[in-house]
Structures are given as C-alpha cells and as structure tokens.
Participant: 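Below is the structure I would like to discuss, written out as structure tokens.
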Amino acid sequence: MILRRDTVMTADIKEKMSRRIKSDDGFIAALDQSGGSTPTTLRLYGVEADQYAGEHEMFAKIHEMRVRIIRSSAFSGKSIIGAILFERTISEEIDGQPVPIHLYQALDIVPFLKVDRGLAETRDDVQLMNDIPNLEESLERAVSAGIFGTKMRSVIHAANLEGIKTVVSQQFELAASIREFGLVPIIEPEIDIYASDKPEAEQILLDELRVYIETLGDSFPIILKLTIPTVPDLYSCLATSSHVLRIAALSGGYSTKEACRLLKQNRGMIASFSRALTEGLTKNMDDGKFNDVLRGNIDDIYNASIE
C-alpha cells in the first residue's frame with residue numbers, strides 16, 4: 001500500500017506496523033539527534049563547528065548524514081524494524097518522498113518521532129523533560145506524516161526514590177496525551193551508566209514501571225526504551241505485559257562492542273542505539289568504506305538483538 005504525504009494512517013497499516021515492532025527480528029535505529037546532541041554527532045562524523053554557521057546549516061549537515069545512512073545498502077528492513085526521527089526530518093525528503101514514508105514504503109522500517117524538547121536542570125538526582133510547546137500540532141503532523149509512534153527521554157542520575165517517581169509519572173502522563181492521537185509512545189527513562197548506585201536505581205525504576213503499566217487501560221500499547229541493566233534480564237518480566245510491544249535498549253555512551261556484549265545478556269530486549277549505530281562513520285569515507293563500517297555496526301547490533 002502506498003502512503004501519500006497527506007494520508008492519515010489506516011487501521012490496516014497501523015496493525016501491520018504494530019505486528020512488525022512486536023514480533024519481528026531486528027532493532028530500532030535512533031536517528032533523532034537534536035539541537036543538543038547534533039554538534040557532538042557531527043564532530044564524530046568529521047564535521048567541525050567551523051564548517052557550518054548557525055542552526056539551519058547545522059541541521060542541514062546532520063540531515064545529509066542521515067540521508068547517507070538511510071540510502072546505504074547496509075540500512076534495510078532485513079535488520080532494522082524501526083527508526084526514530086528528529087521532528088525536522090519528517091518534513092525532509094529522500095528521493096522525492098517524505099522521510100517517514102520512504103522508510104516504511106521502500107525499506108519496511110516503521111517510523112517514530114522524537115517529541116521531547118530536551119532536559120530540565122537536575123533536581124532530586126533526575127532530569128525531567130522540558131515543557132513541550134505546541135505538542136498537539138506536532139502530534140497532528142506526525143499522524144499526517146505516517147508516523148507510528150513517539151519517543152521522549154528523561155535521565156536518572158542516582159537511586160533517588162522521589163526523583164524516579166517524578167520521572168515515571170511525567171513519562172506516563174505524556175504517553176496518555178500521545179495515545180489520544182493513536183500513536184504508540186516509546187517511554188525512555190534513561191539511567192546514567194556512570195551512576196554509582198545504578199543497580200539500586202534500576203530496581204526502583206522497575207518497581208515504578210510495574211505500577212504504571214498495571215494501571216494502563218485496554219488498547220494502550222507502549223514501548224520501553226531503557227538503559228541496559230546491571231543485573232541481566234532485570235526488565236524481562238515487563239515483556240509479558242499485554243501493554244508492552246517491545247523493550248528496547250539505549251547504548252547510553254557504551255561503545256558498539258560493549259553495548260552489544262551487554263545486550264546479549266538480556267533476553268527479550270532489542271537495541272535502539274544512536275551513537276553505537278554510527279560509530280566509526282566519517283564524512284570523508286568513500287561509499288564502499290562507509291557502507292562496510294555501517295554494515296558491520298548493523299550486523300553486530302542485529303545479532304545482539306536476536307540472541
């Protein structure tokens with residue numbers, strides 16, 4: 001079925017996307033670098049800050065990188081079941097098609113949209129999401145662009161019970177608003193991999209997630225995107241919930257090799273990596289070398305996601 005730019009997603013398409021995310025082998029590529037993370041991503045890619053002037057040129061540079069990744073022969077639905085996009089990306093095109101439509105129609109990759117606007121200052125050892133102005137307009141654009149779901153990120157820096165409670169409460173409150181538009185929220189309460197009490201923070205987070213998941217009404221699917229836990233399989237109990245389509249892991253600053261090693265220890269958890277996906281890619285590589293490096297990363301991440 002061919003999607004147009006102005007097509008509101010049909011129930012049939014939604015169901016096909018839902019089955020793909022829930023059941024198919026593969027991982028979710030995170031291509032949602034935003035204003036805060038873009039300079040670092042570009043620097044690692046070989047584009048220094050003096051090579052662009054202002055936000056408009058910066059986002060044009062990161063879009064060129066994303067397009068090169070998506071066009072690569074290594075980037076396909078054989079290994080990748082979903083991709084998370086930055087909001088500007090949904091109005092950009094690849095080969096004459098809006099990026100979300102190209103992903104699903106040409107590659108069988110389900111498109112998601114990052115909707116958060118960055119992080120607030122640390123309080124109670126956590127960073128909540130900033131307020132999201134014009135959220136309804138963003139969600140309406142997402143629906144009309146063929147987006148399946150959304151992603152929003154908070155960060156937990158320590159095992160502070162009150163802070164973690166606040167993070168989870170905010171995540172699920174926003175998820176309820178997103179669900180009103182028929183979109184599937186990816187809930188991402190990241191735990192800092194360098195937290196000195198990371199295992200304790202993870203146990204508190206697990207307990208809080210259980211409480212909120214149990215209160216979800218019928219027809220309220222979610223995806224969890226979590227830091228790879230210190231105790232293997234800690235979050236596997238959440239996968240049995242009828243509300244949880246999938247549990248994904250963020251790379252959290254680990255190298256590709258280390259993130260994949262840790263992910264293999266967690267059954268039922270697939271990758272949703274950003275930096276680990278693009279590790280080693282540089283702007284000056286010829287297409288052959290670029291594709292080889294990307295293919296190596298994708299193969300490693302895919303294998304870690306299905307073991």
Participant: Could you tell me whether Arg210 and Glu214 make a salt bridge, using a distance below 4.0 angstrom between a side-chain N and a carboxylate O?
Facilitator: no
Participant: Is there a salt bridge (charged side-chain N to carboxylate O under 4.0 Å, His left out) between Glu162 and Lys165? Walk through the geometry before answering.
Facilitator: CA-CA 5 Å; Glu162 292 307 313; Lys165 281 179 175 283; 5.6 Å; no
Participant: Keeping Ser251 on the side-chain end and Tyr254 on the backbone end, is there a donor-acceptor pair under 3.5 Å?
Facilitator: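 Not a single qualifying donor-acceptor pair exists.
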Participant: Can you name the nearest heavy-atom pair linking Asp287 to Arg68, along with the distance?
Facilitator: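 That closest heavy-atom pairing would be OD1-NH2, 3.1 Å.
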Participant: Taking atom CD as the centre, does Glu137 end up with more than 12 heavy-atom neighbours from other residues, nucleotides or ligands that are less than 6.0 angstrom away?
Facilitator: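 More than 12 within 6.0 Å, yes.
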Participant: Would you say that Pro100 contacts Leu85 through its side chain, given a criterion of any heavy-atom pair below 4.5 Å between the two side chains?
Facilitator: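 They are in contact (side-chain heavy atoms under 4.5 Å apart), so the answer is yes.
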Participant: Starting from the C-alpha separation in whole Å, work towards a yes-or-no answer on salt bridge (charged side-chain N to carboxylate O under 4.0 Å, His left out) for Arg141 and Glu87.
Facilitator: CA-CA 9 Å; Arg141 285 197 300 272; Glu87 187 162 16; 2.5 Å; yes
Participant: When you measure from the side chain of His243 to the backbone of Phe220, do you find a donor-acceptor pair of N or O atoms at a distance under 3.5 Å?
Facilitator: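 Such a contact is found between His243 side chain and Phe220 backbone.
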Participant: Could you walk me through whether Thr166 and Leu128 pass side-chain contact (heavy atoms from CB on, under 4.5 Å), step by step?
Facilitator: CA-CA 8 Å; Thr166 306; Leu128 297 174; 3.7 Å; yes
Participant: Between the main-chain N or O of Glu279 and the side-chain N or O of Asn297, is there a donor-acceptor pair closer than 3.5 Å?
Facilitator: yes
Participant: Determine, for Asp300 against Lys257, whether the closest basic-nitrogen to carboxylate-oxygen distance falls under 4.0 angstrom.
Facilitator: no
Participant: If you count every heavy atom of other residues, nucleotides or ligands that lies below 6.0 Å from Asp95 atom CG, does the total exceed 12?
Facilitator: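 Yes - once you tally the heavy atoms of other residues, nucleotides and ligands closer than 6.0 Å, there are more than 12.
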Participant: What verdict does the side-chain contact (heavy atoms from CB on, under 4.5 Å) test give for Ile147 and Val143, after you've listed the backbone C-alpha separation in whole Å, the side-chain angles of each residue and the deciding distance to 0.1 Å?
Facilitator: CA-CA 6 Å; Ile147 294 291; Val143 171; over 6 Å; no
Participant: If you apply the rule salt bridge (charged side-chain N to carboxylate O under 4.0 Å, His left out), what do you find for Asp233 with Arg267, and how did you get there?
Facilitator: CA-CA 6 Å; Asp233 285 335; Arg267 294 168 298 171; 2.9 Å; yes
Participant: Is Tyr235 reachable from Leu216 through a run of I, L, V, M, F, W or Y residues, each pair having side-chain heavy atoms under 4.5 Å apart?
Facilitator: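 Looking at the clustering, Tyr235 is in the same group as Leu216.
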Participant: Looking only at heavy atoms, which two atoms of Lys61 and Gln51 are closest? And how far apart?
Facilitator: CE-O, 3.6 Å
Participant: Using every non-hydrogen atom in the two residues, find where Asn130 and Leu119 come nearest and quote the distance to one decimal.
Facilitator: ND2-O, 3.3 Å
Participant: Got a sec: does the CD of Glu121 have more than 12 other heavy atoms crowding it under 6.0 Å?
Facilitator: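 Atom CD in Glu121 is not crowded, with 12 or fewer foreign heavy atoms closer than 6.0 Å.
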Participant: Please identify which of these residues, Arg66, Lys151, Lys114, meets the side chain to side chain donor-acceptor pair (under 3.5 Å) condition with Asp32.
Facilitator: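 Single pass found, and it is Lys151.
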Participant: Please confirm whether the ring centroid of Phe148 lies under 6.0 Å from the ring centroid of Phe112.
Facilitator: yes
Participant: Indicate whether the side chain of Arg275 and that of Thr41 have a donor and an acceptor atom separated by less than 3.5 Å.
Facilitator: no
Participant: Atom CG of residue position Asp218 - does it have more than 12 heavy atoms of other residues, nucleotides or ligands inside 6.0 Å?
Facilitator: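 No, because the 6.0 Å sphere around CG of Asp218 holds 12 heavy atoms or fewer from other groups.
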Participant: Judged by atom type as modelled, is there a donor-acceptor pair below 3.5 Å linking the side chain of Asp25 to the main-chain atoms of Ile306?
Facilitator: no
Participant: Regarding Glu190 and Thr227, do their side chains bring together a donor and an acceptor under 3.5 Å, going by distance alone?
Facilitator: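 Not at all, the side chains of Glu190 and Thr227 share no donor-acceptor pair under 3.5 Å.
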Participant: Can you see which heavy atom on Gly146 is nearest to which on Pro111, and at what distance?
Facilitator: O-CG, 3.4 Å
Participant: Taking all non-hydrogen atoms of both residues into account, name the closest pair between Met269 and Leu263 and its distance.
Facilitator: O-CD1, 3.5 Å
Participant: Please tell me whether Phe59 and Phe86 form a close aromatic pair, meaning their ring centres lie under 6.0 Å apart.
Facilitator: yes
Participant: Of the non-hydrogen atoms in Leu205 and Ile164, which two are nearest, and what is the gap between them?
Facilitator: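 Smallest interatomic distance, heavy atoms only, reads CA-CG2, 4.0 Å.
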Participant: Applying side-chain contact (heavy atoms from CB on, under 4.5 Å) to Ile90 and Leu113, what does each step give before you reach the verdict?
Facilitator: CA-CA 8 Å; Ile90 68 173; Leu113 173 67; 3.9 Å; yes
Participant: Is there a donor-acceptor pair closer than 3.5 Å between any side-chain N or O of Asp197 and the backbone N or O of Ala158?
Facilitator: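 No, because the side chain of Asp197 does not come within donor-acceptor range (under 3.5 Å) of the backbone of Ala158.
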Participant: Any Lys/Arg nitrogen of Asp292 or Arg295 sitting under 4.0 Å from an Asp/Glu carboxylate oxygen of the other?
Facilitator: yes
Participant: Run the numbers on Val184 and Ile222 for side-chain contact (heavy atoms from CB on, under 4.5 Å), then give the verdict.
Facilitator: CA-CA 6 Å; Val184 175; Ile222 62 171; 5.5 Å; no
Participant: Would you please test Arg19 and Glu15 for salt bridge (charged side-chain N to carboxylate O under 4.0 Å, His left out) and show each step?
Facilitator: CA-CA 6 Å; Arg19 287 198 304 269; Glu15 180 59 29; 3.6 Å; yes
Participant: How about CD on Glu136, more than 12 heavy atoms from neighbouring residues, nucleotides or ligands closer than 6.0 Å, or not?
Facilitator: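 No - once you tally the heavy atoms of other residues, nucleotides and ligands closer than 6.0 Å, there are 12 at most.
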Participant: Checking Ser154 against Gln171: is there a side-chain donor and acceptor pair closer than 3.5 Å?
Facilitator: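 There is such a pair between these side chains.
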Participant: Between the main-chain N or O of Val126 and the side-chain N or O of Asp124, is there a donor-acceptor pair closer than 3.5 Å?
Facilitator: no
